[in-house]
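Take a look at the structure set out below.
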Amino acid sequence: MHAYRTHTCGQLRKSDVGQTVRLSGWVHRRRDHGGLLFIDLRDHYGITQCVIEPDGKAFPTVDTARSEWVLTLTGKVVARTDETVNKDLATGDVEMRIEEATVQSQAQELPLPVFGDMDYPEETRLTYRFLDLRRERLHKNIMLRSNIIRSLRNRMYGQGFNEFQTPILTASSPEGARDFLVPSRRYPGEFYALPQAPQQFKQLIQVAGFDRYFQIAPCFRDEDGRADRSPGEFYQLDVEMSFVTQDDVFAAIEPVLQGVFEEFADGRTVDKAPYPRIAYADAMLQFGSDKPDLRNPIRIADLSAVFARDDVEFKAFKNKTVRGIPAPGAASQPRSFFDKLNDWARSEGAPGLGYVVLEDDGGVLTGKGPIAKFIPSAALTEMARLANVKAGDALFFAADKQDRAATLAGLARTRIGRELDLIEKDRFRFCWVVDYPMYEWNEDEKRIDFSHNPFSMPQYDRKKFLAFSSGDKDEILGLKVFQYDIVCNGYEMLSGAIRNRDPDVMLKAFEIAGYARAETEERFGGMLNAFRYGAPPHGGLAVGLERVVMLLAGEENIREVTMFPLTQQGQDLLMRAPSPASAKQLKELHLKIVYPEKG
RNA sequence: GGGGGCGUAGCUCAGUUGGUUAGAGUGUCGGCCUGUCACGCCGAAGGUCGCGGGUUCGAGCCCCGUCGCUCCCGCCA
């Protein structure tokens, strides 16, 4: 008989009755009845109830066992009587009569119970991650993650993609997030950087003639975390392909994402590809966000023109962008509903959230509420038409400079949708966001910045682009790029672009953003140079792996789908990282530490 | 870097207006119990109330500072 097990703890069935078997696992639960001792033995595969009576040979050993001890138990499989069958357990038709018992490992009193589904503080969970991972919820999530990765890989191979590994020790990239640096021993004062993404490598792979690349790639960014964003490191499904248009990229990834969501939907509805495409500008208007949650039926309308009318005397909204957020059926809400939203808007730094409640007064649409008296009937009717609201609804207003009004309206849309319980449940709704602006105006520094990815191909006339001068600011700010995101339920799932492979256009693009040609050559020389030796048209994308798993696991925090996550403050509480380097290490690396002064 | 929340027994939490010896559940330890599957019953141990200072006759509670976790803003090409 095998030293540890003949079966797993999730394996035994009625058909095994009569066999003598050996199981190994953790003591999930111990129930001592005096004359009878039950041990629920758990491993990766499941739980099996084992039982022994006090006159049993192995009783003294089993009796000492406590929660989470590791035992090897040997005994006969017996059928449970009808009354004692446990339908909640896959092995619940049988139990094992313990004849031999070996303690493989003891466990101290637990800082975190494995049994049960209670919530525990992150600090405890992360310090004792190995215990938390034994618990059903995390164990299930991590297995889901593994299965999703397998599925993604298979689907990518199925589409003719090949997986290649790109370097982890590489060069710092000057754009974007802060880099993690690795000091060089052989070159004093010089550093490797961990890749923020394999962006340049995957483009080089295309120049090198390997079509259709993908990789489950680790990415490192020294930025702070959020619930849906790991600090430090995360994984993405990184994809790049040659001789493709934007539509080709869409056609390649849609079935992969669609397939993986359907495979793990577990009864939830998955929208069918092709996904609707929403221009960035429309997303900002209708959803107040570049991450539209289509499950929320509310659509924002621009009401600036109505408030600009002479017959509308509400001065506070004049010369501002005014966005209207419909609140369907909210006319029946108590005053506190409106007050609460107003308080919330103030907490977001807005002056408030104005509103009118729409009522039907003998066939005429009338407004109620603090600012209703400033809006004459004709204007109200026009607003109702634009915002698609009717008697019985309410209409909220976000008024400010354009970008702030749009953002506030977007937040209000989400909030109102939740308060009124309008968000569809158990459904995954996807959309593409396309036609991103290439540049944006940096008001603080009075200059033009890249608004997203500097490697994207502008939707442009090449000659005109190369001839742009600083006087063409408006036209430059109006430029769009072949860049795209897929958003699912308000989460950014993937982001990609058709790349800029034209060295002259790239130098010009960086020049517009304030980088001298020599500087661009210096920083992106490797890639620029490659583009001078025959670069195929190419494009690709990267899917946030944890986000996909998070959505499919029904979790709202990325740590719930990460095996060993850092805290929000970027610490590993289990392995104790970061930690100081020894004097010897520092000397080898030619480093001296200058601690910040505490004030 | 900034704002909000939390920090009390191994663990999860309660703790009134500042007032006697800081409580419960769970776990741990001991006793009883032959069909439980969150077993049940009895008993015991277990506390620097995150840490430091202050106000007060008196602080878990009020004030100041600080640390940790978390959520958000900044940041994330």
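First the proteins, then the strands, lettered A, B, ... as listed; each starts at 1.
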Worksheet item: Mapping A:Asp55 and A:Arg66 onto RNA chain B by nearest heavy atom, which one lands closer to the 5' end?
Response: A:Arg66

Worksheet item: What about A:Arg226, does its side chain sit under 3.5 Å from the base of B:G74 through a donor-acceptor pair?
Response: yes

Fill in: Short side-chain N/O contact to B:C71 OP1/OP2 from A:Arg559, under 4.0 Å
yes

Practice prompt. Evaluate side-chain hydrogen bond (donor to acceptor under 3.5 Å, both in side chains) for A:Thr8 paired with A:Asp43, printing each intermediate quantity in order.
Written response: CA-CA 7 Å; A:Thr8 71; A:Asp43 66 10; 4.6 Å; no

Worksheet item: Taking N and O atoms by type only, does the side chain of A:Arg125 place a donor or acceptor under 3.5 Å from a partner on the base of B:C69?
Response: no

Fill in: Under 3.5 Å donor-acceptor, A:Thr567 side chain and A:Gln571 backbone
yes

Practice prompt. Would you mind telling me which residue lines up with the more 5' stretch of RNA chain B, A:Arg31 or A:Ala227, judged by nearest nucleotide?
Written response: A:Arg31

Fill in: base_contact_polar (B:C39 base, A:Asp32 side chain, donor-acceptor, <3.5 Å)
no

Response to the item:
Only one of A:Trp441, A:Tyr436, A:Phe510, A:Phe455 passes ring-ring contact (aromatic ring centres under 6.0 Å, His included) with A:Phe450, and that residue is A:Phe510

Worksheet entry | Check: B:C76 base within 3.5 Å donor-acceptor of A:Arg221 side chain | no

Item to complete: Could you please name the partner base of B:G68, counting Watson-Crick and G-U wobble pairs only when both distances are under 3.5 Å?
Response: B:C6

Fill in: Spacing of A:Gln108 atom CD relative to B:C11 atom P, expressed in whole Å
13 Å

Practice prompt. State whether A:Gln568 places a side-chain N or O below 4.0 Å from either non-bridging phosphate oxygen (OP1 or OP2) of B:C71.
Written response: yes

Worksheet entry | Quiz item: A:Arg80 side-chain donor-acceptor pair to B:C37 base, under 3.5 Å | yes

Discussion item. Under 4.0 Å, heavy atoms only, any strand: does A:Arg229 hit a base, just the sugar-phosphate, or nothing?
Written reply: base

Discussion item. Tell me whether the side-chain N/O atoms of A:Gln571 come closer than 4.0 Å to OP1 or OP2 in B:G68.
Written reply: no

Discussion item. Looking only at side-chain N and O atoms, does A:Glu560 offer a donor or acceptor that is under 3.5 Å from a partner on A:Asn557?
Written reply: no

Worksheet item: Are A:Asn557 and B:C71 close enough that a side-chain N or O sits under 4.0 Å from OP1 or OP2?
Response: yes

Discussion item. So, under a plain 3.5 Å distance rule, would you say the side chain of A:Glu123 forms a donor-acceptor pair with the base of B:G50?
Written reply: no

